[in-house]
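Below is one structure, written out as C-alpha cells, with a few remarks after it.
Bear in mind the structure is a predicted one, so any value in this text is a computation, not a measurement. The analysis underlying the following values was restricted to heavy atoms, covering all of them including side chains, and did not include hydrogens, waters or symmetry mates.
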Amino acid sequence: MAQQKIIVKTESSDLWWGIHGLTEKAGWEDLELFYASGERIGFVCLNTKKYLRYSLDSFKIQNDIDADEIEFYNTLQNYLEGNECHYWFYYDQKDDGHFFEVPYEAPRNKEGIKPSWIDIWHPDEGIGIQTIERAVAEFAGKFLEVEDCLVEVVHDVSLEESIASFKKSEERFGGKPPQEIAFSEQLVTELSGLWKMNNDEVLKKLKESI
C-alpha cells in the first residue's frame, strides 16, 4: 500500500513554547487533521500522562466515585500504568441540537452512534513533534485505514513568534522568563527534523534567539 500523508494543524501558543524549549512541554493539544488532498478529517485531542495524571489525582481525593465515572477512572488508571496509546470516546445523543458523528468508522455506542469526539491518550509525558507524529500515525492506522502514514506537522509558529508571545504572556501575568534556558538533545533533534537543519545549526539558532 502506498504511503499516505496526514497533515496536522495545531492551535495553542503554549504548545510551541514547549516545542521550542521555552517552557515544559504542554500536556494536551487539539489537533486538526487533513489528508494531503486538503480534505478535512476532523479534530482529535492529544493528551499525555502529565496532563491525565492530574485527572486521576482529582478522583483520588473524592470520597467516592460516581457509577458513571467508574469506567473512565479504571481506563485512566490502566493507561497511566502502561506504555501504550489509549482512546476515549465522546458521544452525542440523537436528539442533540448539534448532533455530530465522526466521518470515519469508530467504536459505536449501544445506540449504534459513532463518537462525536475522540481523545488520544499518548504515553509520553509532554507533547513534542515526535509525540504528535507517533500519535497521529497510530490513530490513522486504527481509524483511517492508513497503514503507512507520513505525518506532517504544519509549522506555522516561527521560533521568533513563539518567543515574542511567550514574553508577552510573562509580562501580562507578572512572571519573569527563566534566567537560563537549556536546550536538550532530544529537543534539538526534534527541531532538526522540523526545520530541515542539522543539529549544530538548530542549536545555534536557538541560542541566538534568546
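For the pair P115 and F89, the tightest heavy-atom approach, listed with the atom from each and the gap, is CG-CD2, 3.7 Å. In terms of heavy-atom proximity, H122 sits nearest to C85 at CD2-SG, 3.6 Å. For I19 against G128, the heavy-atom pair with the smallest separation is CG1-CA, 4.3 Å. The nearest pair of heavy atoms linking L187 to G18 is CD1-O, 4.4 Å. Here the shortest heavy-atom pairing between L194 and V153 reads CD1-O, 4.1 Å.
The backbone N or O of I118 sits nowhere less than 3.5 Å from a side-chain atom of W88 that would complete a donor-acceptor pair. Here the side chain of N109 pairs a donor or acceptor atom with the backbone of E111 at under 3.5 angstrom. For the pair S158 (side chain) and E161 (backbone), a donor-acceptor distance under 3.5 Å is present. In this structure, E29 contributes its side chain and E11 its backbone to a donor-acceptor pair below 3.5 Å. With K5 contributing its side chain and C149 its backbone, the two residues share no donor-acceptor pair below 3.5 Å. With hydrogens and angles ignored, the 3.5 Å screen pairs no side-chain donor or acceptor of N199 with any backbone N or O of T189. Formation of a donor-acceptor pair under 3.5 Å by the E32 side chain with backbone atoms of F43 is not found in this model. Formation of a donor-acceptor pair under 3.5 Å by the N74 side chain with backbone atoms of E71 is not found in this model. Checking side-chain atoms of T10 against main-chain N and O of L31 turns up no donor-acceptor pair under 3.5 Å.
F166 contributes atom CZ, which lies 11.0 Å from atom CG of D14 (distance to the nearest 0.5 angstrom). Note that CG of D200 is 9.5 Å distant from OG of S192, once rounded to the nearest 0.5 Å. If you take CH2 on W17 and OG on S162, they are separated by 7.5 Å, rounding to the nearest 0.5 Å. Residue E125 holds its CD atom at 10.5 Å from CG of L52, rounded to the nearest 0.5 Å. For the atom pair L206 CG and E201 CD, the distance stands at 12.0 Å (nearest 0.5 Å). Between the CD atom in E81 and the CG atom in L56 there is a gap of 8.5 Å [rounded to 0.5 Å].
Checking W121, Y79, F139 one by one against Y87, the side-chain contact (heavy atoms from CB on, under 4.5 Å) holds for a single residue, F139.
V44 and F34 are assigned to two separate hydrophobic clusters, defined by single-linkage of ILVMFWY side chains at heavy-atom distances under 4.5 Å. Cluster annotation: V102 and I7 are assigned to distinct hydrophobic clusters (Ile/Leu/Val/Met/Phe/Trp/Tyr, side-chain heavy-atom contacts under 4.5 Å, transitive). Hydrophobic cluster membership is shared by L80 and F72, with clusters built from Ile, Leu, Val, Met, Phe, Trp and Tyr side chains linked at under 4.5 angstrom. Linking ILVMFWY side-chain heavy atoms closer than 4.5 Å, directly or via other members, places V154 and L150 in two distinct hydrophobic clusters. One hydrophobic cluster, built from ILVMFWY side chains closer than 4.5 Å, cannot hold both L46 and Y54; they sit in different ones.
Look at K50 and D124 and you find no salt bridge, because none of the NZ, NE, NH1 or NH2 atoms lies under 4.0 Å from a carboxylate O. Electrostatic pairing of K25 and E190 counts as a salt bridge here, judged by a charged N lying under 4.0 Å from a carboxylate O.
Other residues, nucleotides and ligands place no more than 12 heavy atoms under 6.0 Å from the CD atom of E185.
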**Q.** salt bridge (Lys or Arg N to Asp or Glu O under 4.0 Å) between K142 and E145, worked out
**A.** CA-CA 6 Å; K142 190 173 184 68; E145 299 183 349; over 6 Å; no
**Q.** Step-by-step side chain to side chain contact (heavy atoms under 4.5 Å, CB included) determination, S13 to V157
**A.** CA-CA 8 Å; S13 296; V157 180; over 6 Å; no
Q: Give the C-alpha distance, both sets of side-chain angles, the deciding distance and a yes or no for side chain to side chain contact (heavy atoms under 4.5 Å, CB included) between F99 and K94.
A: CA-CA 6 Å; F99 176 78; K94 286 189 175 179; 4.2 Å; yes
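In this structure, L144 and Y35 have side chains that are in contact, with non-hydrogen atoms separated by less than 4.5 Å.
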